[in-house]
Amino acid sequence: MAGIVEKGIEAIIKASGYFTSLIVLLIVLFLFREGISFLGSEPIEEGYALYTSKSNPVQKVTATQIKDIFDQKILLWSELGGSTDSIRRYELDDLKSIFSESELEKNFENGASCVRKLTDSIPGSLILIPKAAIASEDGLHKVHTDKIDLTEFLSGKEWFPTAKPAGLFGSLPLFLGTLLVSLMAILIALPFGMAGAIYLAEIADQKIRNILKPLIELLSGIPSVVYGFFGLVVIVPWIQKTLGLPVGESALAGSIVLAIMALPTIITVSEDSIRTIPSDVRQASLALGASQWQTIVRVLIPYAASGIGAAVILGIGRAMGETMAVLMVTGNAAVIPHGLAHPVRTIPATIAAELGEAPYGGLHFKALFALGCILFLITFITNYIVDSISRKRKLK
Amino acid sequence: MITFPENADLKKKWTQIVFFWTARILSFGVILVLITILYFITSKGFEVISWDFLTENPKDGMNAGGIFPAIIGTLYLIIGSMIIAFPIGVLAGIYVNEYARNGIAKRIIQIMTNNLSGIPSIVFGLFGMALFVNYLNFGASIIAGSLTLALLSLPLIIRTTEESLKAVDNTFRHASYGLGASKLYTIRKVVLPIAFPNIITGLILSIGRVSGETAPILFTAAAYFLPRLPQSLTDQCMALPYHLYVISTSGTDLDKARPMAYGTALVLVMIVLLVNGLAGLLRNYFARKVKMK
Amino acid sequence: MVPKIITRNVDLYYSSFQALKNVSIEIPEKSVTALIGPSGCGKSTFLRLFNRMNDLIDKVKISGEILIDDRSIYKIRSSEIDNLRRKVGMVFQKPNPFPKSIFENVAYGLRVNGINDSQLIANQVERSLKNAALWEEVKDKLKKSAFELSGGQQQRLCIARALAVEPDIILMDEPASALDPISTAKIEELIFDLKKDYTILIVTHNMQQAARVSDYTGFFLNGELIEFNETKMIFTNPKNSKTESYITGRFG
């Protein structure tokens, strides 16, 4: 009896052991299910379709073209590869004023025939209408929209998910924004981080080390929203004043805040890799008449290079995933970054800012999950690199 | 026979002095940043914090009053997430250190735990929304938020448990086996009691982490403003970090809300200081106890 | 016999622990002196006196006189320590090449001491590698990483690295203990060749090795120098009964 209980408990322990694996798999499943269903969707507003006259040779338009048509930047069909007719847009409300209620009938039961009439009589017409109003597409010329594919999602230069009637889902500006802010953060943090690691590992005596180490750990314990708040009330106004900017919320502000947040990681991981160097390597250098500093720069840092590299990659990975602090200080302009002094928007900040407003299950919602997939892959790759570096170090 | 340049040693000495001081100054720069942040928030927040601030509801569009519901909400989320994460995390740590043999299984678990700890908190938020809020239909609620935060804090608990078990000398285990005790009995009666203070350190650090996380609860639990305290697990709740975010970026009157924000930030910082201090004390206590044995 | 190294009444403390007790010795130049004794007897600590490696450890207190070429090495100015360390080379227990090329490992001591003339460095690297009996094996791959060499080759590289700054004295701390028998034999051969130009001190656990390579042997026990004499005397006719017990294998 006791044996059975014991077996049962041990089974629970084993199950707990695999729990994190299960969670990671579930995260992949739920994230990518939404994310992948985003790819292959039509960017046009859910439940709508576009029709034109049968004589019109244009079969397909892209999301950007739809936006430009409705923004009246594209005025002629010839710009889309069609005739020289100008584009004449109609929406549901226009149909209501053109046709009488009896012609349309209740609930637009005659919608299809009205659209046919309109497209037949006006060759340049383009009608945006809910699919529900079209009972049958017989004799209609539907203009298809390019399905969203991976290349377009990754390389598209415009992120405007709420654009009507077709959202723009180019994640490039967000990705570049994330990259810019994170890389810049590491560049700022690196001299301080390296100095801190060298100081703690090789210069400071035990007493000072024992005081400084917990303080640096404390730095990593402060919530990111507090960093964001500090950035907002101190760093942002300071940048605005010193650089004379219209707004202080900028890539630079984000980089500085992220640099502070990345410091503990860079310091602890680098320090660790310097301290674990066998002491006789140090002594061999000193025994040749090298100074302590020469030993640090010429022997210890090259020796610890892979560990320091791991620290940097880890730092970049963490910075790219950081949400709240960045959201609060970067100004969140979803455009390709112009420079450090301009507002940018990162991938995590986009998710945080938009998910609350994206209708559940809609295209925008799915697009944000697709962004989440990108973030997940970034962490996955980061971890893989760091892991393989540290395993190689163990072999050495 | 080679001759070394006479000034070389002097040059070495001065280079070393210059660079050592540079390293020192930059390192203390890091500490200075920390002190600046702490001082800034403490000095500004100290003027705001009072008994009333901690025990009253927000008033006037959250520009005045207190942060009581946010404190309570964060407390609920801490308790909820720890009830879930602590047992699972400790059991998983036991499995990895005591049961799993060095092999593929252990490697997989460690890689997966490592991966989980690297996943950005906003992705936890997405996942929590997809699984708990929508798929399991909990809605945005304390339970959904607690579950999400629990997953986020698991790796930390697993790792500290693993480390504290590793620190327990094998002679204890062998002595127990030698007396005929089973593996599970040995773990329960011998290994766990020794490792316990350190495991608790992991719990405390997770509490610190959970109390400050915003992104995972944005869509799973946090409410902008609730006039009354949550009544059940399926209610939304206010939370300190989200409250700070809201009143510092999107309140009705940002300037008027600033003092409230300073106060909230200070409460968050105090939680962090408390948690780190407590963890440090426990760690010292543990180190001494192990040394005595 | 000309003494190269002289110590008189040397005591060394790590905090409150006394690691060396009243050690007096005169080590002849251009000879090999083996330091033997059980683990923790102080022989490695003693070895590290002569390039002031013990200075690196906190809370070390040293008293007594330590002379190299009749100069007290603990009364020199701190700026002269680098000079001392150039004159006293050291080889460690495990091969510990730097993460650099073979060439740069040997050139390291020259470069850190302010020599930039690349021709001079190249000549010196070649000569040192030849003296360390490694040149033939590595002359075609000087740019390769030192980690690509075998353990025995790495150790000879470390010896070449020490030779490059032209020391008078070479301290060896169990230089062959991490090597296979063939590599060990090569190192011993090398030590034999080197003694015509250098004064060599070698700490070893291996009694046969001490008997094979050294001219003089000192036996340490609990921080004391129990006996110091010509090697053949120590191994055939030890004066102290503790020495006799040790070399006949009764303890340690």
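Chain naming here is simple, since letters A, B, ... match the order of the sequence lines and numbering starts at 1 in each. From a predicted model like this one, the values you see are computed outputs, not experimental measurements.
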Grab the two heavy atoms, one from B:Q16 and one from A:W293, that are nearest each other, plus how far apart they are. OE1-N, 2.7 Å

Region of B:V33 in contact with chain A, defined by heavy-atom distances below 4.5 Å: side chain

Let me know if A:I13 has heavy atoms under 4.5 Å from chain B in its side chain, its backbone, both or neither. both

All heavy atoms of A:A195 vs all of B:S27, minimum pair found to be O-OG, 3.4 Å

I want to check something: taking the side chain as every heavy atom from C-beta on, are B:P120 and A:T323 in contact at a cut-off of under 4.5 Å? no

Side-chain donor-acceptor contact under 3.5 Å, B:N115 with A:N383: yes

Taking side chain as everything from C-beta outward and backbone as N, CA, C, O, which of these in B:I31 sits under 4.5 Å from a heavy atom of chain A? Side chain, backbone, both or neither. side chain

Counting only non-hydrogen atoms closer than 4.5 Å, does B:R24 touch chain A with its backbone (N, CA, C, O), its side chain (CB onward), both, or neither? both

Using the side chain to side chain contact (heavy atoms under 4.5 Å, CB included) rule, take B:L218 and A:M324 through it: C-alpha gap first, then chi angles, then the decisive distance, then the call. CA-CA 10 Å; B:L218 275 178; A:M324 296 316 288; 4.2 Å; yes

Which heavy atom in A:S16 sits nearest to a heavy atom in B:A92, and how many Å separate them? O-CB, 3.3 Å

Please state whether the side chain, the backbone, both or neither of A:I203 comes within less than 4.5 Å of a heavy atom of chain B. side chain

Is chain B contacted by the side chain of A:I296, its backbone, both, or neither, given a heavy-atom distance below 4.5 Å? side chain

Contact summary for B:V123 and A:G372, nearest pair of heavy atoms: CG2-O, 4.1 Å

For chain A, find which of B:L273, B:L91, B:V96 contributes the most heavy-atom pairs closer than 4.5 angstrom. B:L91

Between CE on residue A:M194 and CG on residue B:L26, distance to nearest 0.5 Å: 11.5 Å

Heavy-atom pairs under 4.5 Å with chain B, option from A:G196, A:G321, A:A352 with the top count: A:A352

Under a 4.5 Å heavy-atom cut-off, does chain A meet the side chain of B:L34, its backbone, both or neither? both

Partner chain B: residue of A:E217, A:Q292, A:M328, A:R318 with the largest heavy-atom pair count (under 4.5 Å): A:Q292

Counting heavy-atom pairs under 4.5 Å to chain B, which of A:I216, A:V233, A:I9, A:L22 comes out on top? A:V233

Is it the backbone or the side chain of A:L232 that comes under 4.5 Å from a heavy atom of chain B, or both, or neither? side chain

So which residue, A:E202, A:E10, A:R33, A:E322, ends up with the most heavy-atom pairs under 4.5 Å with chain B? A:E10

Contact winner vs chain A - B:K183, B:K106, B:M129, heavy-atom pairs under 4.5 Å: B:M129

Using non-hydrogen atoms and a 4.5 Å limit, figure out which bit of B:I35 sits close to chain A: side chain, backbone, both or neither. neither

Residue B:F219 versus chain A: region with a heavy atom under 4.5 Å: side chain

A quick test of your reading: do over 12 heavy atoms of other residues, nucleotides or ligands sit less than 6.0 Å from OH of B:Y224? yes

Among the listed options B:Y262, B:Y185, B:F124, the residue most often paired with chain A at heavy-atom distances under 4.5 Å: B:Y262

Measuring from atom CD1 of A:I235 to atom CD1 of B:I37, what distance do you get when rounded to the nearest 0.5 angstrom? 7.0 Å

Most contact-rich option vs chain A, by heavy-atom pairs under 4.5 angstrom, among B:A261, B:G29, B:G280, is B:A261

Is the count of non-hydrogen atoms from other residues, nucleotides or ligands lying under 6.0 Å from A:F192 atom CZ greater than 12? no

Name the region of A:I378, side chain, backbone, both or neither, that has any atom closer than 4.5 Å to a heavy atom of chain B. neither

Check this for me: A:K14, atom NZ, are more than 12 non-hydrogen atoms of other residues, nucleotides or ligands nearer than 6.0 Å? no

So which part of A:L355 gets closer than 4.5 Å to some heavy atom of chain B, the side chain, the backbone, both or neither? both

In terms of heavy-atom proximity below 4.5 Å to chain A, should B:Y242 be classed as side chain, backbone, both, or neither? neither

Look at B:T249, B:I119, B:T264 and state which one has the largest set of heavy-atom pairs under 4.5 Å with chain A. B:I119

Does any backbone or side-chain atom of B:A140 lie under 4.5 Å from a heavy atom of chain A? Answer side chain, backbone, both or neither. neither

Using non-hydrogen atoms and a 4.5 Å limit, figure out which bit of A:F230 sits close to chain B: side chain, backbone, both or neither. side chain

With side chain to side chain contact (heavy atoms under 4.5 Å, CB included) as the test, would you mind laying out the steps for A:L212 and B:F28 before giving the verdict? CA-CA 9 Å; A:L212 293 194; B:F28 281 94; 4.3 Å; yes

Rounded to the nearest 0.5 angstrom, the CZ-CD distance for B:F127 and A:E34 is 12.0 Å

Say whether, by atom type as modelled, one donor and one acceptor occur between the side chain of B:K12 and the main chain of A:G289 under 3.5 angstrom. yes

In terms of heavy-atom proximity below 4.5 Å to chain B, should A:L263 be classed as side chain, backbone, both, or neither? side chain

Nearest 0.5 Å, what's the CZ-CG distance between A:F229 and B:L268? 10.5 Å

Measure distances from A:P348 to the heavy atoms of chain B and classify the residue's part below 4.5 Å as side chain, backbone, both or neither. both

Partner chain A: residue of B:N114, B:I94, B:N276, B:L131 with the largest heavy-atom pair count (under 4.5 Å): B:L131

A:G17 and B:Y95: which non-hydrogen atoms are nearest, and at how many Å? CA-CD2, 3.8 Å

Side chain, backbone, both or neither: which part of B:F40 has a heavy atom under 4.5 Å from chain A? side chain

Given a strict heavy-atom distance threshold of 4.5 Å, which part of A:V234 is in contact with chain B: side chain, backbone, both, or neither? side chain

Side chain, backbone, both or neither: which part of A:L327 has an atom under 4.5 Å from a heavy atom of chain B? side chain

Counting heavy-atom pairs under 4.5 Å with chain B, which one of A:Y227, A:F376, A:F380, A:F365 comes out on top? A:F380

I need the minimum non-hydrogen distance between A:Y199 and B:A23, along with the two atoms involved. CB-O, 4.3 Å

Which atoms of B:I88 approach chain A - backbone, side chain, both or neither, heavy atom under 4.5 Å: both

Under a 4.5 Å heavy-atom cut-off, does chain A meet the side chain of B:I271, its backbone, both or neither? neither

OG1 (A:T379) and CG (B:L116) are apart, to the nearest 0.5 Å, by 10.5 Å

Heavy-atom contact with chain A under 4.5 Å, split by part of B:I109: both

How far does CD1 of A:I198 sit from CZ of B:F19, to the nearest 0.5 angstrom? 10.0 Å

Relative to chain B, which of A:L218, A:T382, A:I222 shows the most heavy atom pairs under 4.5 Å? A:L218

